[in-house]
Amino acid sequence: AGKVCGYASKGGKIVILGDIVDRAWTNSVNAPRCQDLEIHLLGSASKYAGESLMGGDFFFGGMYFDQHGNLRTQDRPYRGTKMMGCASRGRMLFFNPKDTLNEHQYTHGKVEAISDADWGYWKQTVESTLETAGVALSRKDGKTTFVVDEAEHEIDSLTFNLVVPKGGQKGYESH
């Protein structure tokens with residue numbers, strides 16, 4: 001059966017193996033004297049993620065386990081709207097193999113290319129989240145793959161979108 005649970009670990013990393021609802025990490029701050037805030041989410045969020053975010057790294061898998069224990073993708077890697085509404089800092093990575101993340105969901109953010117220097121960090125984040133969820137990873141010839149929607153997917157930067165704040169917000173739009 002599917003796994004729905006979460007836990008917090010040392011170093012400011014939180015892993016959730018399901019979905020979260022309303023106002024996820026709305027006002028999170030990445031404290032400069034501490035380790036970076038990391039949120040690893042196998043599932044998705046319903047709305048308002050990082051509305052006034054001030055730092056941290058987030059991974060949204062947009063996946064769930066069906067009633068037979070098979071890993072599936074949700075309709076979108078982020079189900080909500082108003083992502084990063086007035087965020088000043090922070091980064092959100094989305095597993096998006098079907099290109100279903102809609103630009104209207106992140107009107108205050110922008111998709112940024114994942115640099116080769118950053119990809120190692122993000123790849124480890126994705127692998128760690130999947131391993132914590134009990135998803136089998138296959139490693140061969142320098143490639144890492146896993147099965148979702150009964151198809152094998154390589155963990156490479158081409159199937160992910162990195163969204164960062166646009167900046168320059170002069171006010172806050174009402175909900």
Mind checking what makes side chain to side chain contact (heavy atoms under 4.5 Å, CB included) contact with Glu154, not counting sequence neighbours? Lys143, Thr145, Asp156

Identify the heavy atoms of Leu162 and Ala113 that sit nearest to each other, and give their distance. CD2-O, 4.4 Å

For Lys123, what residues pass the side chain to side chain contact (heavy atoms under 4.5 Å, CB included) criterion, not counting sequence neighbours? Trp119, Glu127, Thr144, Ile155

If the condition is side chain to side chain donor-acceptor pair (under 3.5 Å), which residues does Gln74 pass it with, not counting sequence neighbours? Asp19, Arg79

Can you tell me which residue pairs pass the salt bridge (Lys or Arg N to Asp or Glu O under 4.0 Å) test with a partner in residues 96-111, sequence neighbours excluded? Lys98-Asp149

Residues two or more places apart in sequence or in another chain: which of them pass side chain to side chain donor-acceptor pair (under 3.5 Å) with Thr129? His40

For a quick check under 3.5 Å, do Asn96 and Tyr78 share a side-chain donor-acceptor pair by atom type? no

Set of residues satisfying side chain to side chain contact (heavy atoms under 4.5 Å, CB included) with respect to Pro165, sequence neighbours excluded: Met84, Ala87

The complete set of ring-ring contact (aromatic ring centres under 6.0 Å, His included) pairs with one or both residues in residues 126-149, sequence neighbours excluded, reads Phe95-Phe146

Just to verify, what does Glu152 make a salt bridge (charged side-chain N to carboxylate O under 4.0 Å, His left out) with, not counting sequence neighbours? none

Quiz question: by atom type and distance under 3.5 Å, do the side chains of His68 and Asn70 form a donor-acceptor pair? no

Considering residues at least two apart in sequence or located in another chain, which fulfil the salt bridge (charged side-chain N to carboxylate O under 4.0 Å, His left out) criterion with Asp118? Arg91

